[in-house]
Amino acid sequence: MPLLVMKFGGTSVATLDRIRRAAKRVGREVANGYDVIVIVSAMSGETNKLVGFVEETGPFYDAREYDAVVSSGENVTAGLMALTLQEMDVPARSWQGWQVPLLTTDSHASARIEEIPTDNLNAKFGEGMKVAVVAGFQGISPEGRITTLGRGGSDTTAVAFAAAFGAERCDIYTDVDGVYTTDPRITSKARKLEKISFEEMLELASLGAKVLQTRSVELAMRYKVRLRVLSSFEEMSDNAGTLVCAEEEIMESNVVAGVAYSREEAKMTLQSVEDRPGIAAAIFGPLAEAGVNVDMIVQNISDGGITDMTFSCPVGEVARAEKAMTDAKAAGDIAFAGIIADTDVAKVSIVGIGMRSHAGVAAKMFKTLRDEGVNIKVITTSEIKVSVLIDRKYMELAVQALHDAFELEKAA
């Protein structure tokens with residue numbers, strides 16, 4: 001039988017009524033002749049509540065027990081979804097990560113999927129099961145302990161199952177009805193995209209778009225899993241949502257597909273750093289070891305063998321970055337005069353596969369921002385994106401202006 005993977009996020013299963021609504025969608029696909037693997041998140045707010053309980057026990061909790069606690073939310077949803085489907089006379093059963101088994105690394109709270117053997121589920125499908133309801137976000141370590149995949153891990157679970165079982169498609173149901181050219185809350189001109197390439201979606205996800213988790217898009221691109229993002233609150237339609245697919249499936253597209261933003265950014269500058277071979281490794285090695293996610297990097301022109309090094313990172317990691325640099329200086333690995341942290345900046349990016357074959361896209365972006373009086377602090381580019389760091393107070397203005405300048409409200 002052809003197989004579909006359907007993933008329902010926390011808002012889609014927040015109540016029994018919403019679980020029933022989601023179950024009807026699953027039942028429709030079963031009636032269309034599919035076997036279905038359903039991946040469920042915990043009910044909306046449940047994971048945060050469980051994390052809070054763990055943190056109340058003490059600051060130095062055992063990560064293995066953390067996983068045991070926070071993974072329980074998905075188990076509840078999986079059981080309720082299976083019961084609801086059974087009430088609809090759809091042969092269904094729930095599966096926890098260890099029952100599949102979904103094999104992961106032993107990095108508790110941030111495990112990575114190693115393998116998903118298909119024998120157990122396929123045997124049950126062969127016996128007449130039509131729907132396997134799998135608890136997302138969780139797996140089992142080589143030591144036999146429950147693991148979790150980190151925030152957004154249910155998206156990754158869904159894509160991994162679609163790859164392992166050769167699913168026709170992986171449908172991600174959420175509280176938005178697709179992928180937009182930018183955040184509709186910032187500009188009413190934002191347009192829902194019918195299709196977007198894996199590469200564009202990966203850039204948008206990594207640059208601040210919250211529709212899909214970055215790891216899930218990476219996995220989909222690697223295994224060519226066709227993803228569809230759609231709302232569980234809209235009427236059911238065969239053409240609903242946005243399809244994330246290979247570039248070859250998209251006949252025509254705009255030069256720029258979308259504008260992304262991230263307001264939780266910081267710009268850090270190390271002043272008067274010695275300009276010598278190995279200095280970049282001496283700076284960014286300790287930052288990596290401290291878990292600081294560095295993005296943009298700019299090194300100023302050397303003046304008498306001395307330079308400044310500027311980089312951006314999430315605003316929540318500033319203290320960690322400052323400590324890593326101070327420790328490295330104390331150890332004699334690097335020398336600098338001071339650290340300046342600007343925590344009042346935002347990152348705005350344009351993304352599009354059309355940039356590969358069109359000149360002048362970056363120049364148009366910079367001119368648009370200049371015309372709006374927006375000063376650019378840092379620039380970084382790739383083959384299909386241009387990102388700038390600007391004062392946070394201009395973020396919404398920049399997004400709106402760029403959306404208008406590239407006429408993203410118009411389809412190609």
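The analysis underlying the following values was restricted to heavy atoms, covering all of them including side chains, and did not include hydrogens, waters or symmetry mates. These numbers were taken from a predicted model, which means no experiment stands behind them.
- Partners of L207 by side chain to side chain contact (heavy atoms under 4.5 Å, CB included), not counting sequence neighbours, listed by chain and number: E203, A260, K347, S349, V351, K385, S387.
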(Q) Let's go through S262 and E265 carefully: what are the C-alpha distance in whole Å and the side-chain angles of both, what is the deciding distance for side-chain hydrogen bond (donor to acceptor under 3.5 Å, both in side chains) to 0.1 Å, and is it a yes or a no? (A) CA-CA 7 Å; S262 173; E265 297 289 324; 2.9 Å; yes
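- How far CG of L204 is from OG1 of T182: 9.0 Å, rounded to the nearest 0.5 Å.
- By the side-chain hydrogen bond (donor to acceptor under 3.5 Å, both in side chains) test, S44 pairs with no residue at all, sequence neighbours left out.
- A160 is linked by a side chain to side chain contact (heavy atoms under 4.5 Å, CB included) to I113, I116, L219, counting only residues two or more places apart in sequence or in another chain.
- Within the structure, side chain to side chain donor-acceptor pair (under 3.5 Å) pairs that include any residue of residues 137-150 comprise E65-R145, D67-T148, N75-Q138, T104-T147, S141-E143 (at least two apart or interchain).
- The ring-ring contact (aromatic ring centres under 6.0 Å, His included) search around Y261 returns none, not counting sequence neighbours.
- Applying the ring-ring contact (aromatic ring centres under 6.0 Å, His included) criterion to F284, with sequence neighbours excluded, gives F311.
- Residue pairs meeting the side chain to side chain donor-acceptor pair (under 3.5 Å) criterion with at least one partner in residues 394-412, sequence neighbours excluded, are T181-H403, K189-D404, E407-K410.
- Counting only residues at least two apart or on different chains, no salt bridge (charged side-chain N to carboxylate O under 4.0 Å, His left out) pair has a member in residues 96-118.
- E317 is linked by a side chain to side chain contact (heavy atoms under 4.5 Å, CB included) to V292, N293, P314, R320, counting only residues two or more places apart in sequence or in another chain.
- Remark: Y66 engages Y61 in a ring-ring contact (aromatic ring centres under 6.0 Å, His included) (not counting sequence neighbours).
- Scored by the side-chain hydrogen bond (donor to acceptor under 3.5 Å, both in side chains) test, N375 finds no partners at all (sequence neighbours excluded).
- With respect to the salt-bridge test (charged N to carboxylate O, under 4.0 angstrom), the residues E127 and K124 qualify.
- By the side chain to side chain contact (heavy atoms under 4.5 Å, CB included) test, S216 pairs with D155, T156, V159, L212, Q213, sequence neighbours left out.
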